[in-house]
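Presented below is the structure to which this report refers.
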Amino acid sequence: MKHDSEKSRVDLIPADALLEVGQVLRFGATKYGENNWKGLGNGRERYIGAALRHIYQRDEIVDRESKLLHLAHAASSILFALHLTLNGD
């Protein structure tokens with residue numbers, strides 16, 4: 001018997017969406033340096049604001065600079081905000 005009913009179901013995360021987030025992180029790492037968001041001292045509010053700016057791009061599906069989906073940029077920012085929330089903002 002396996003007791004894994006309470007384990008996280010990361011297998012339910014859509015792989016295609018996660019790969020898009022990975023492309024945003026690749027773009028950011030190239031432009032700013034790997035994991036630079038960790039050392040900036042930004043609070044989660046800044047990342048929530050960034051996510052909302054990408055979400056509110058109603059006339060534009062793809063970010064002009066990165067050529068990546070605005071929703072993938074938003075998801076990245078939300079993940080940063082979540083990380084800060086989980087680990088102390």
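Throughout, residue positions are numbered sequentially from 1 according to the sequence presented.
Residues Val21 and Leu79 are in side-chain contact: their nearest non-hydrogen atoms beyond the backbone lie under 4.5 Å apart. A 4.5 Å side-chain heavy-atom check between Val24 and Ser66 finds every atom pair outside the cut-off. With a 4.5 Å cut-off on side-chain heavy atoms, His54 and Asp63 count as touching.
Taken from CG in Leu25 to CD in Glu20, the straight-line distance is 11.5 Å, to the nearest 0.5 Å. The line from CZ of Arg46 to CZ of Phe80 is 12.0 Å long, rounded to the nearest 0.5 Å. With rounding to the nearest 0.5 angstrom, the CZ atom of Arg44 is 10.0 Å from the CG atom of Leu86. Atoms OG and CG, from Ser77 and Leu82 in turn, are 12.5 Å apart once rounded to the nearest 0.5 Å.
Annotation for Leu19: atom CG counts as buried by contact number, over 12 foreign heavy atoms lying within 6.0 Å.
With sequence neighbours excluded, no residue forms a ring pair (Phe, Tyr, Trp, His ring centres under 6.0 Å) with Phe27.
Aromatic ring orientation, His83 versus Trp37: perpendicular (interplanar angle above 60°, classes split at 30° and 60°).
Closest heavy-atom contact between Arg26 and Gln23: NE-OE1, 2.8 Å.
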- Query: Should Leu68 and His73 be marked as a side chain to side chain contact (heavy atoms under 4.5 Å, CB included) after you check the CA-CA gap, both sets of side-chain angles, and the distance that decides it?
  - Reply: CA-CA 8 Å; Leu68 299 168; His73 279 278; 4.0 Å; yes
- Message: As a quick check of understanding, evaluate side chain to side chain contact (heavy atoms under 4.5 Å, CB included) for Tyr47 and Leu84, giving each step before the final call.
- Response: CA-CA 10 Å; Tyr47 294 111; Leu84 291 171; 3.8 Å; yes
